Amino acid sequence: MVKSRWWQQGLINKILHQLFRLKILRQFFRYTNDIFFFFFTPAHVTPALDDIEIIYQSLHYLVVNKKNDILINSNNGKDVTVQRQLRHLLPHLANPSLTHDFRFSHRLDYATSGLLCLSLNKRAAGKITKCFTKHHVDKYYIAIVRGHVSQNLIDVNLQIGDDIRPEWFGIRMVSEVSPFAKHCRRAHTRILLLQRGIYNDYPASKVLLKPCTGRRHQLRVHLSHLGHTLVGDYTYSNRCDVTPHRMFLHALRLAVPSPLDPFDVRTADPFSEDEPKNRWLPVENINSLDEQAFDTIKLSPVCYQVVR
């Protein structure tokens, strides 16, 4: 009876919640979550030290094409990370006085591939930080999501906060409509439908994404809220979507108006139907991935609004 009363009063959940607020335990559960994903995701291939592509390099900035399923940096010197890859490829640019050798201007999730920018000096880092803070940087992602998206252009304005459930605290975020959301902050995403099709015999859609703010897991949370979770998103599918070879989210284009060195770079679409392992078959083309698509997702006022 005592146990039953404790459970009904939520004391165990409160204790677990307090434990997860401790940084050490939070990092531990993030790490074990990644370990589970690493071992139980089929066809997982650890990137090699030379498995990174230089997209742009100047006196001030370096932009690389990060592979999926790789950390940006780690305190474990044996992990293959972007930090170690760059130290291997460009040792003369590594700065031993920095904690992780390089000044990473922004972050990408472990499972996300695509464009990642580094600042090569302190002054450049300050300039690009101001660009990000003032929302002057244009970032575009491409993704394949579960289900057929019905709207051409979607504008999502939903705040994002921590998921306070013990099993998810420190691991994933939720939108403000969730009863488990705490410490919510403004988040804004625009979504342009490119194609409807089939992924591995199931309905799916290819979309272009523009995060207008930069919250943690923003794109993944907003897509999940719409019922269109990313293909291969282990965390936001409640650890169920484990058959794809990767999470289908890629940072496609990055435009930075830095006064020191403005640049606008992009990569090819990695989710082409020509790549057999993508298992992607488009059946309906809605918008082409061209300049008009980028203008539409950034500037068009006509769209389907999702707000609280």
Side-chain angles (χ1 to χ4, degrees), residues 27-28 30-122 124-125 128 139 141-143 171 216-217 220 230-235 242 244-254 256 261 263 265-272 274-278:
Q27 293 297 333
F28 169 75
R30 282 183 185 174
Y31 180 72
T32 53
N33 191 63
D34 285 343
I35 290 295
F36 186 91
F37 181 75
F38 178 89
F39 282 108
F40 290 93
T41 302
H44 180 96
V45 178
T46 303
L49 280 178
D50 58 355
D51 196 9
I52 192 168
E53 180 185 6
I54 305 298
I55 299 295
Y56 175 81
Q57 184 173 357
S58 70
L59 292 175
H60 302 290
Y61 301 106
L62 176 70
V63 182
V64 301
N65 187 6
K66 170 189 173 295
K67 296 293 183 179
N68 59 287
D69 297 346
I70 184 170
L71 295 169
I72 292 178
N73 50 47
S74 168
N75 291 326
N76 185 345
K78 295 182 180 180
D79 290 337
V80 176
T81 62
V82 175
Q83 172 195 355
R84 282 193 64 202
Q85 288 178 327
L86 291 175
R87 194 170 59 202
H88 171 76
L89 185 64
L90 302 167
H92 60 287
L93 294 181
N95 186 344
S97 66
L98 300 173
T99 304
H100 294 290
D101 295 323
F102 300 93
R103 294 181 174 89
F104 293 98
S105 302
H106 61 116
R107 313 290 293 184
L108 291 177
D109 290 343
Y110 166 81
T112 305
S113 60
L115 295 172
L116 179 67
C117 179
L118 299 85
S119 299
L120 299 182
N121 55 70
K122 190 173 182 179
I128 200 171
K139 296 183 291 182
Y141 292 72
I142 195 164
I171 295 174
R216 178 172 178 249
H217 293 188
R220 299 164 70 181
L230 287 163
V231 170
D233 192 340
Y234 173 71
T235 300
V242 297
H245 75 283
R246 62 161 295 177
M247 186 176 77
F248 281 65
L249 180 63
H250 177 82
L252 181 76
R253 181 179 178 183
L254 182 66
V256 178
D261 176 22
F263 61 86
V265 294
R266 68 184 72 181
T267 72
D269 174 7
F271 307 135
S272 166
D274 298 328
E275 174 54 62
K277 66 181 178 181
N278 285 336

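Everything numeric here is computed off the predicted structure, so don't read it as measured data. Just so you know, these numbers use all the heavy atoms, side chains as well, and skip hydrogens, waters and symmetry mates.
Between Ile52 and Val82 the shortest side-chain heavy-atom distance falls below 4.5 Å. The closest side-chain heavy-atom distance from Asn73 to Arg107 is below 4.5 Å. In this structure, Leu108 and Tyr141 have side chains that are in contact, with non-hydrogen atoms separated by less than 4.5 Å. Annotation: side chain of Ile55 is not in contact with side chain of Arg266 (no heavy-atom distance under 4.5 Å). In this structure, the side chains of Val256 and Ile128 come closer than 4.5 Å at one or more pairs of heavy atoms.
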TODO: Give the intermediate values and the outcome of side-chain contact (heavy atoms from CB on, under 4.5 Å) for residues Asn278 and Phe248.
DONE: CA-CA 9 Å; Asn278 285 336; Phe248 281 65; 3.8 Å; yes
Checklist entry - When you look at Asn95 and Arg103, which way does the side-chain contact (heavy atoms from CB on, under 4.5 Å) test go after all the steps? => result CA-CA 9 Å; Asn95 186 344; Arg103 294 181 174 89; 4.2 Å; yes
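Looking at every heavy atom in both residues, Pro244 comes nearest to Val231 through CG-CG1, 3.7 Å. Of all heavy-atom pairs between Pro270 and Ile142, the closest is CD-CG2, 4.1 Å. Residue Leu230 comes nearest to Arg220 through the heavy atom pair CD1-CG, 3.5 Å, listed as atom of the first residue, atom of the second, then distance. Here the closest heavy-atom approach between residue Leu252 and residue Ala268 is recorded as CD1-O, 3.8 Å. Contact between Pro47 and Val80 at its shortest, heavy atoms only, is O-CG1, 3.2 Å.
Partners of Asp101 by side-chain contact (heavy atoms from CB on, under 4.5 Å), not counting sequence neighbours, listed by chain and number: Gln83, Arg87, Ala94. With sequence neighbours excluded, the residues forming a side-chain contact (heavy atoms from CB on, under 4.5 Å) with Lys78 are Asn76, listed by chain and number.
Put simply, OG1 on Thr235 and OH on Tyr110 are 11.0 Å apart, with the number rounded to the nearest 0.5 Å. The CG atom of Asp51 sits 7.5 Å away from atom CD1 of Ile70, with the distance rounded to the nearest 0.5 Å. Atoms CD1 and CG, on Ile54 and Leu62 in that order, are 4.5 Å from each other to the nearest 0.5 Å. Interatomic distance, OG1 of Thr81 versus CG of Leu49, reported as 8.5 Å (0.5 Å rounding). For the atom pair Phe104 CZ and Leu118 CG, the distance stands at 5.0 Å (nearest 0.5 Å). Distance check: Thr112 OG1 to Met247 CE gives 3.5 Å after rounding to the nearest 0.5 Å.
For the residue pair Asn65 / Thr267, no side-chain donor-acceptor distance below 3.5 Å is found, with atom types taken as modelled.
A side chain to side chain donor-acceptor pair (under 3.5 Å) with Ser113 is found for exactly one of Arg246, Lys66, Lys67, namely Arg246.
In this structure, the side chain of His106 engages the main chain of Cys117 through a donor-acceptor pair within 3.5 Å.
Among pairs with a residue in residues 56-96, those fulfilling ring-ring contact (aromatic ring centres under 6.0 Å, His included) read Tyr56-Phe263, Tyr61-Phe263, at least two apart in sequence or across chains.
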